[in-house]
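Reviewing the structure listed below.
Note on naming: letters A, B, ... go to the chains in the order of the sequence lines (proteins, then strands), and numbering restarts at 1 for each one.
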Number of protein chains: 2
Amino acid sequence: MTVTIKDVAKKAGVSPSTVSRVLSGHPRISLETSRKVKAIMEDMGYTPNMMAKSLVSKTTNSICIILPKPAEELFSNLFFMELIRGIVTQASRSGYDVLISSGANEKEELEAVSRLLKGRRVDGVILLYSRKDDAVIDFLQGGGYPFVLIGRSDRYENILSVDNDNVMAAYDATNHLISMGHERIGFVSGPPNLIVSRDRLEGYRKAMENSGLTMRPEWIVEGEFLQDSGYRAMSFFMNLPNRPTALVAVDDMVSFGVLRGLNELKYKVPDDLAIVSFNNIPLSELSSPPISSIDIGIYHLGYTASQVLIQGIQKPNNDAGYTNRFVIPHRLIVRESSMHTPSKP
Amino acid sequence: MTVTIKDVAKKAGVSPSTVSRVLSGHPRISLETSRKVKAIMEDMGYTPNMMAKSLVSKTTNSICIILPKPAEELFSNLFFMELIRGIVTQASRSGYDVLISSGANEKEELEAVSRLLKGRRVDGVILLYSRKDDAVIDFLQGGGYPFVLIGRSDRYENILSVDNDNVMAAYDATNHLISMGHERIGFVSGPPNLIVSRDRLEGYRKAMENSGLTMRPEWIVEGEFLQDSGYRAMSFFMNLPNRPTALVAVDDMVSFGVLRGLNELKYKVPDDLAIVSFNNIPLSELSSPPISSIDIGIYHLGYTASQVLIQGIQKPNNDAGYTNRFVIPHRLIVRESSMHTPSKP
DNA sequence: CCTCCTTATGGAACCGTTTGCTTTACACAG
DNA sequence: CTGTGTAAAGCAAACGGTTCCATAAGGAGG
């Protein structure tokens, strides 16, 4: 049926081993044989069977990512899509395929990762986000499997990771508002088990303290990376007796929710409430008003993660003193949502 | 190192074949043996090697999709993400993994598909969109490989496909505007090599003709599924001496571009120009004003495609007279962007 | 002319499963 | 007691490659 290495060998009058060597560019194959075999492979339409190859080489040339099933309840889909594009593009360039599986919760994720890795279906894993006390990381670390974390671990120092400096990013975002004259600044955070939520909150704190501004506990609310959280946060904030004049939100989707709410209540942005958020998804410049946002280079994050992982797979000299934490630069994109100086009360 | 079927067999004092049969639930295995072997597998931490399994069974339990490399230049990323979520979720439920590769153009796509399929790395393919004279389809059809097309083919009748009734959808969209009193309606189409562009254009035509409205060639412009196309189309339309009072746009992203442009020029939507578009991406209700859109059930499209493909892989009785075209229903979501009756000139 | 390298190739074992064909061990009928 | 049927398990040959080891041919050096 399908043409194998043996068929090619027979037709070329050589042994299967020779064909295999031609394929892998073995040095001790005469130019003549090589050319002949290649020609025959070509016209017989030979394609190597990856399964057979993987079986003996114990390598699959593919990596995997696990998509949180209800993606829309965690991050914005756009975030993941950008990440995936970066990962797939780079992997493709390095000759790797990307396998996507999905898991509704940490347990399912662990099962999927374990099955894929122990079943030798993939060579490594990219974890798309970092949370506290992640059992998946324990498994990967314990099993010595190649993996890279997007974000950072709260417990392991020496694992490969690609991250932003989220503390600094939040510091920058907050400082931007402060420099515009704001003093009462609120913060809409994400799920507390996500490291990124904590880091950004931390940056906000630092900036506030650094400028000697008072921080009220009621000015910090937790939510998801979702519009609804923004909507709820907005109505909470606007009902406060001494309400903030500006907000830092952990994700652009949250800002959209805030915007929607303010719009319904006929408040103006940035006049009544200025806002800046994170991720700079393609739509943040499309809303009205356009949202100031910290661009964290999502595509780049994915691209780098893939690159780092594949390098780690190909030469596992991870013990060397090289850096294993890669930081993707961020930058603040100022748009209309934060372009207003509050009037002093 | 890793524990194989042989290790389990040895420890259990049975032959490898017996262990294999336990694994696959073979009827002629005594309950006692089965229990013993299972217990041993458990505590040795046995995981089947998928490569070995695939090699002999000629089946991989995975399917693939090809992501157009510069995704943002074709469709909106949100579209793909929704599709992927649907596909991955369903595949996961059926015990399949999804492999994503990427190709910058039709040639690269063909190479990727061919490599994956002929190299027996995947069992089937989902084509994420349909274009005219697609060489990839020829390859799949010619090779007898299982695949399903999202959209429809312009040349093959009997291939598995999951589609919307795009002609009808466009008909509905246009009719909605007509019923609001519009008579001068323009159309912003997509790339002409995409079947979906043609179908929607066709539906627009039908609706116009059906209502006896004049159709001017200059009221139909071509673009991409991108904001920029909308922006350009807008400035073209607004400079026309006898300009349309409403627009049907092939994708929500296009609407965003139109909106942005109109906003810059201080035109009002829907007062100066009403608009309705397709796909109902999550952000179409967030823009100002929110955009009327045809919801085509993207997630559902992906989910069904995966289901249909996997069914086709598992029992290839495709010769039966069963239906092989699945139509996902659409529905019009009316929002502010089309809620205005034009004043008669 | 014989030995020793070097270079190009062949042979065969192995990677971890599946599966068709046997074999073993009973139980039971004739 | 021999023959037959059946349930349970083992043997060994694939599946399509890779790779270690052996071998043959052809110099080169002594």
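Electrostatic pairing of Lys10(A) and Asp7(A) does not count as a salt bridge here, judged by no charged N lying under 4.0 Å from a carboxylate O. Ion pairing between Asp123(B) and Lys58(B) fails under the 4.0 Å rule for side-chain N and carboxylate O. Using a cut-off of 4.0 Å between Lys/Arg side-chain N and Asp/Glu carboxylate O, Arg155(B) and Asp134(B) are scored as not salt-bridged.
Protein atom NZ of Lys6(A) is 15 Å distant from nucleotide atom P of dG10(C), rounded to whole Å. Asn61(B) places its CG atom 12 Å from the P atom of dT18(C), with the value rounded to the nearest Å. Rounded to a whole Å, the CG atom of Leu55(A) is 9 Å from the P atom of dT17(C). In this structure, the NZ atom of Lys10(B) is 14 Å from the C1' atom of dG16(C), given to the nearest Å. dG10(C) atom P lies 13 Å from atom CD1 of Ile5(A), rounded to whole Å.
Partner of Ile63(A) under the side-chain contact (heavy atoms from CB on, under 4.5 Å) criterion, chosen from Val148(A), Val122(A), Val98(A): Val98(A).
Side-chain atoms of Ser30(B) and Thr33(B) form a donor-acceptor pair, as typed in the model, at a separation below 3.5 Å. Thr59(A) and Ser57(A) share no donor-acceptor pair across their side chains, judged by distance under 3.5 Å alone.
Between Lys58(A) and dG16(C) there is a side-chain N or O to OP1 or OP2 distance below 4.0 Å. Side-chain nitrogen and oxygen atoms of Thr18(A) include at least one within less than 4.0 Å of the OP1 or OP2 phosphate oxygen of dG10(C). At the phosphate of dG16(C), neither OP1 nor OP2 sits under 4.0 Å from any side-chain N or O atom of Thr4(B).
Judged by distance alone, the side chain of Ser94(B) and the main-chain N or O of Tyr96(B) form no donor-acceptor pair under 3.5 Å. Not a single donor-acceptor pair under 3.5 Å links the side chain of Glu42(A) to the backbone N or O of Lys38(A).
Within a heavy-atom distance below 4.0 Å of DNA chain D, the residues of residues 19-34 of chain B found are Arg21(B), Arg28(B), Ile29(B), Ser30(B), Thr33(B).
Residue contacts for Ser17(B): at a heavy-atom cut-off of 4.0 Å it reaches a base atom on one of the strands shown. Counting any heavy atom pair closer than 4.0 Å across all strands shown, Gly119(A) reaches no nucleic acid atom. When heavy atoms are screened at a 4.0 angstrom cut-off, Val14(B) is found touching the sugar-phosphate backbone but no base atom.
Nucleotides of DNA chain D that come within less than 4.0 Å of any heavy atom of chain B span, from the 5' end to the 3' end, dA7(D) to dG16(D).
A perpendicular orientation is assigned to the rings of Phe80(B) and Tyr129(B), their planes being inclined by more than 60° (bins at 30° and 60°).
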